[in-house]
Amino acid sequence: MTELVGGCLCGAIRYRAEAEPVMQGICHCTHCQKQAGSAFSIVMGFPNGTVAIEGTPKSYDDSGDSGGRVERIFCPNCGSPLFTKADAAPDLFFIKAGTLDDPSRFAPAIHFYAQTKLPWVETGDVPAFERMPG
C-alpha cells in the first residue's frame, strides 16, 4: 500500500492512514456542502483505529437525516475540515480526501445524497444514490 498522508492548510494537524480505504465517495448532502464550502465533500472511509493523527483537532456535533450524530472534525487554527465520524457508519472513520498530500489517490466509487446535488454537477459513470444506500 502506498502511504496516505495529509493534513490541514496550516500544518497544525497531520495524519497517516494505516490501511486501505474501504470506501471512497462524494457526498452531496446540504450539511457537507456547507461544511466544505463547496458543491460536495469528497471522503474516504477507513476502519476505525487505522488513522494516526498528530495535533489536536476540534469537533462540531452535527446530526444526519436519521437523527444520528455526525461529528465534523477540523483544525481549530485554520478551519480546514479534516475528518468525519457518523453514527450511521460506526465502524468507519472518514478523511476529507482534499486534505491528502496527494489527493489524486482519491477515486470515487459512489455519489450519495444526489437528491441535493447542485444541478450543474455531473456524476458520470459513477453510481449515484438519492440518499445513503442501505
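Because the structure is predicted, anything quoted here is derived from the model rather than measured. Numbering of residues begins at 1 and proceeds along the displayed sequence.
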Q: Mind listing the closest non-hydrogen atom pair of P127 and A109 along with its distance?
A: CD-O, 3.5 Å

(Q) Check this for me: does any side-chain nitrogen of one of R69 and D61 sit under 4.0 Å from a carboxylate oxygen of the other? (A) yes

Q: Taking T84 for its side chain and F94 for its backbone only, find out whether a donor-acceptor pair lies under 3.5 Å.
A: no

**Q.** Ring centres under 6.0 angstrom apart (Y113, H28)
**A.** no

**Q.** Pairing residues for D62 by the side chain to side chain donor-acceptor pair (under 3.5 Å) criterion, not counting sequence neighbours
**A.** H31, R72

Q. What distance do L118 atom CG and F40 atom CZ have between them, rounded to the nearest 0.5 Å?
A. 9.0 Å

Q: Take K85 and E71 through the test salt bridge (charged side-chain N to carboxylate O under 4.0 Å, His left out) and record every step on the way to the result.
A: CA-CA 5 Å; K85 293 193 282 187; E71 183 180 3; 3.5 Å; yes

Q.
Quick check for you: to the nearest 0.5 Å, what is the distance between Q35 atom CD and C27 atom SG?
A. 10.0 Å

**Q.** Heavy-atom pair of closest approach, residues K96 and Y15
**A.** O-OH, 4.1 Å

Q. Got a donor-acceptor contact below 3.5 angstrom from the Q33 side chain to the T116 backbone?
A. yes

**Q.** Closest contact, heavy atoms only, F112 versus M23
**A.** CE2-CE, 3.7 Å

Q. At their closest point, which heavy atom of P21 faces which heavy atom of L4, and how far apart are they?
A. CD-CD1, 4.0 Å

Q. Roughly how far apart are I110 CD1 and T123 OG1, rounded to 0.5 Å?
A. 11.5 Å

Q | Over all atoms of both residues, closest heavy-atom pair of I13 and P57 | A | CD1-N, 3.5 Å

(Q) Minimum heavy-atom separation for M44 and L100, please, with both atom names. (A) SD-CD1, 3.5 Å

Q) When rounded to the nearest 0.5 angstrom, what distance separates CD1 in I42 from CD1 in I95? A) 11.5 Å

Q) Do V22 and F129 sit in the same hydrophobic cluster, where Ile, Leu, Val, Met, Phe, Trp and Tyr count as joined when their side-chain heavy atoms come under 4.5 Å apart? A) yes

Q. Can the ring centroids of Y60 and F74 be said to lie less than 6.0 angstrom from one another?
A. no

Q. Could you give the distance from CD (E122) to NE2 (H111), rounded to the nearest 0.5 Å?
A. 9.5 Å

(Q) Under 4.5 Å between side-chain heavy atoms, counting indirect links through other Ile/Leu/Val/Met/Phe/Trp/Tyr residues: same cluster for V70 and I73 or not? (A) no

Q: Just do the side-chain contact (heavy atoms from CB on, under 4.5 Å) check on L82 and C8 with the steps written out, would you?
A: CA-CA 7 Å; L82 296 162; C8 65; 4.0 Å; yes

(Q) Could you check whether R16 pairs with D101 (Lys NZ or Arg NE/NH1/NH2 to Asp/Glu carboxylate O, under 4.0 Å)? (A) no

